[in-house]
Amino acid sequence: MKSKPDKTKFIQDLKNILEEKYVLTSEASKYGHRKGYRYGMGEAFAVIKPGDLLEFWKVLELCVESGYIVIMQAANTGLTGGSTPEGTDYDRPIVIINTMRINDIHLIDKGKQIIGLPGSTLFELENILAPIEREPHSVIGSTSIGASIIGGICNNSGGSLIQRGPAYTELALYAQVNENDELVLINDLGIELGDTPEDILSNLQTKNYSSDQIQFPKKLASDNAYEERLRAIDEDTPARFNADGRRLYGVSGSAGKVAVFAVRLDTYPAAKKNKVFYIGTNKPDVLWKMRRDILSKFKNIPTTGDYLHRACYDATKKYSKDNFIVIDQLGTSFIPTLFALKRKVDLIAGRFKFMPDKFSDRLMQFLSKFWPNHLPPRMENFRDLYEHHWIIETSDEAIDESRVYFKDFFNTHEGDFFECTDREGEKAVLHRFVAGSAIGRYHAIHQKKVGPMMSIDVAFPRNEKDWFENLPPEIEDQLEIKLHYGHLFCHVFHQNYIVKKGVDAKALKNKLLKTFDERGAEYPAEHNVGHEYSAKPVLKNFYKKLDSTNVFNTGIGKTSKLKYWK
């Protein structure tokens, strides 16, 4: 163990590396970085914002030399607190390195692949690829809230785009601390950039490499076997989940246990035309049969298939209305600005005792009441008729194949569908997307009357017939509200609960998780463990292999917060 760090000298050394305004030490300046997007809060000695890869490396060297814990952070949009500290029981001071200033994206191989630097976002990538008619591995959800490319890779996030699968690559440039407490740079990017860390990072930052230096090793830059895995509908294991050992490699699934400088990823041809179909039924078995038919019989499977229960439909309509309106009217590019503004408002309001908690949420909820109904009439009609809603996006050849199937299917089965106009399709997809914020807003507004909030993302086996939750009375009776939505094709569901006041939420959650265990489910499915879940053995072993001295993102997955994993 190193001697106690000299914090004054450490701060001065940091200021010798980068401008003083990018070394944050005041509580006000650190607040938004040490508090999770939806979960988690902890102490941090400093927040550092390097401006290029070389500054990033020098800051890392200083942190490791000084014996600090390092938490890597980009957009801080994770839902389980995975890029912030949690609590105060660490054995060393914590430094958060926020990489959002290093946001370059390089196109290689005529745009068939990209190199994403630490702060680059999916939204930026989508805009860069659009002129060459290509798309990234994710174009919904995390794209809209400004999530980083590397954050998705580190968490094996996503997979709602069923032809592309979760974020994954075996080609990356990253730093780790070895068993001798030495910081080392690993170049698995497949590009010849030099021999020393300084040369490698400088050449990458300035794009000082030619096409001749780009290699094409037999390593994956995407999960290219996901569609085949998804179509195996009779398998008794889930299609995707965070502790899936087949997709833990280097930075992929690393959950911040290494410091990532760049990742290399595949891109995809953009669809020439798209169509959204809206499906409603009162019988979960109807959707079960449709899912099996589509995955086993279709030549061209849809793009996505997102499920929404009626209760979630209603809560989203009321409590996520402002988010819907902002995105619909101002575009997704405004979302990061909106969330930054919300944090500032809450920080200012928190200084006044007479101001209520979650002031920004309360204010936005109040203002949303003055906006007229934002949902299309045909969606509202289906809400009244049907309990279960399925929004299926299709493209190109899959459009006609889907249309013919739906018409034939509902001639003999309960339920119905309609083919969305372009505007209806946009609103249907957006309504489903903003569903994720409804539970948090409900809790913020009603927190004095209800107990804690619990959010679980769970992956059920691919052959699971009883996918819709039916809880025993001893659990159901303790819940104030439950909101269900998810990705029906891959059987990954987001199950959000608020318990009744006075209920032991931790004990109840353990009972819920036990019901999932009994059904062969895996959790978490796409948001990773953060500080909310306990990492399973396969993840713990992976983390220890990457970070043998426990320097990076210490305590992730409820693991040890102590040096050398004590």
Side-chain angles (χ1 to χ4, degrees), residues 139-141 143-145 160-161 271 273-284 286-287 290 294 302-335 338 364-365 367-396 398-400 402-407 409-410 413-439 441-442 483-489 494:
V139 296
I140 59 172
T143 312
S144 301
I145 59 174
S160 59
L161 291 172
K273 53 183 178 178
N274 298 280
K275 178 62 66 176
V276 174
F277 294 93
Y278 201 99
I279 293 162
T281 181
N282 290 306
K283 297 180 179 180
V286 167
L287 301 187
M290 292 180 71
I294 292 170
T303 306
T304 66
D306 276 4
Y307 167 78
L308 201 66
H309 183 259
R310 178 191 276 158
C312 192
Y313 179 107
D314 291 344
T316 302
K317 178 182 175 182
K318 181 176 181 178
Y319 293 103
S320 299
K321 185 178 181 180
D322 54 302
N323 285 335
F324 182 105
I325 293 166
V326 167
I327 296 174
D328 188 50
Q329 298 296 315
L330 300 178
T332 55
S333 60
F334 187 73
I335 291 296
L338 175 66
M364 293 179 72
Q365 186 64 32
L367 294 175
S368 71
K369 295 178 181 180
F370 297 98
W371 197 274
N373 187 1
H374 54 292
L375 298 179
R378 288 202 288 180
M379 278 178 61
E380 292 284 74
N381 182 49
F382 264 45
R383 180 264 166 226
D384 294 336
L385 291 172
Y386 304 114
E387 180 181 0
H388 304 284
H389 298 233
W390 199 11
I391 305 159
I392 295 182
E393 294 185 80
T394 62
S395 63
D396 299 335
I399 296 174
D400 288 337
S402 300
R403 182 186 292 122
V404 170
Y405 170 80
F406 296 148
K407 287 180 178 178
F409 184 88
F410 285 111
H413 292 82
E414 186 271 342
D416 202 357
F417 83 103
F418 65 86
E419 187 173 327
C420 295
T421 63
D422 289 347
R423 186 61 175 143
E424 285 175 327
E426 290 172 0
K427 290 197 169 189
V429 171
L430 181 53
H431 185 62
R432 158 58 191 91
F433 165 63
V434 298
S437 63
I439 193 77
R441 177 63 58 78
Y442 182 99
L483 303 180
H484 293 171
Y485 59 94
H487 316 292
L488 192 57
F489 281 120
H494 304 284

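By convention here, the first residue in the shown sequence is residue 1.
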Contact summary for Y485 and C312, nearest pair of heavy atoms: CD2-SG, 3.6 Å

Do I279 and L287 touch side chain to side chain, with heavy atoms closer than 4.5 Å? yes

Please assess T421 against R378 for the test side-chain contact (heavy atoms from CB on, under 4.5 Å), listing each intermediate value before the final yes or no. CA-CA 11 Å; T421 63; R378 288 202 288 180; 4.2 Å; yes

Take M379 and E424 through the side-chain contact (heavy atoms from CB on, under 4.5 Å) test and state the conclusion after the steps. CA-CA 8 Å; M379 278 178 61; E424 285 175 327; 6.0 Å; no

Nearest-0.5 Å distance, OG of residue S368 to CG of residue N323: 9.5 Å

Counting distance only, does the side-chain N/O of E393 pair as donor-acceptor with the main-chain N or O of N274 below 3.5 Å? no

Is the distance between the ring centroids of W390 and F489 less than 6.0 Å? yes

Side-chain touch M364/I325, heavy atoms, less than 4.5 angstrom: no

Paired with F418, the ring pair (Phe, Tyr, Trp, His ring centres under 6.0 Å) test is passed by just one of Y386, F406, Y278, namely Y278

So NZ of K275 and OG of S395: to nearest 0.5 Å the spacing works out to 12.5 Å

Minimum side-chain heavy-atom gap L375-Y313 below 4.5 Å: yes

Return the minimal non-hydrogen interatomic distance between F409 and H413, and the atom names on each side. O-ND1, 2.9 Å

Is the shortest distance from a Lys or Arg side-chain nitrogen in R423 or D328 to a carboxylate oxygen in the other one below 4.0 Å? yes

Side chains of D306 and F433: closer than 4.5 Å at any heavy-atom pair? no

Let me confirm one number: the CD-NZ distance from E419 to K407, rounded to the nearest 0.5 Å. 7.0 Å

So which atom in I391 and which in V276 form the shortest heavy-atom distance, rounded to 0.1 Å? CG2-CG1, 3.7 Å

Heavy-atom nearest pair, T394 first then F277, reads OG1-CE1, 3.5 Å

For the residue pair H431 and L308, establish whether any side-chain heavy-atom pair is separated by less than 4.5 Å. yes

Name the one of K283, H309, R310 that satisfies side-chain hydrogen bond (donor to acceptor under 3.5 Å, both in side chains) with E387? H309

Do F410 and M290 come within less than 4.5 Å of each other through their side chains, counting heavy atoms only? yes

Verdict with supporting geometry, R432 and H389, side-chain contact (heavy atoms from CB on, under 4.5 Å): CA-CA 10 Å; R432 158 58 191 91; H389 298 233; over 6 Å; no

For A438 and Y319, work out which heavy atoms get closest and say how close. O-CB, 3.9 Å

Once rounded to the nearest 0.5 Å, what's the spacing between atom CD1 of I392 and atom OG1 of T304? 8.5 Å

Between the main-chain N or O of K369 and the side-chain N or O of K321, is there a donor-acceptor pair closer than 3.5 Å? no

Are the side chains of K318 and Q365 in touch, meaning some heavy atoms are under 4.5 Å apart? yes

Distance-minimising heavy-atom pair for L483 and A311: CD2-O, 3.6 Å

Show your reasoning for whether side-chain contact (heavy atoms from CB on, under 4.5 Å) applies to N373 and E380. CA-CA 10 Å; N373 187 1; E380 292 284 74; 3.0 Å; yes

Please check if the number of heavy atoms outside D422 that lie under 6.0 Å from its CG is greater than 12. no

The side chain to side chain donor-acceptor pair (under 3.5 Å) partners of Y307 (sequence neighbours excluded) come to H388

Quick one, F382 and D416 - any side-chain contact, counting heavy atoms below 4.5 Å? yes

Can you tell whether the side chains of D314 and K317 come within less than 4.0 Å, N to carboxylate O? no

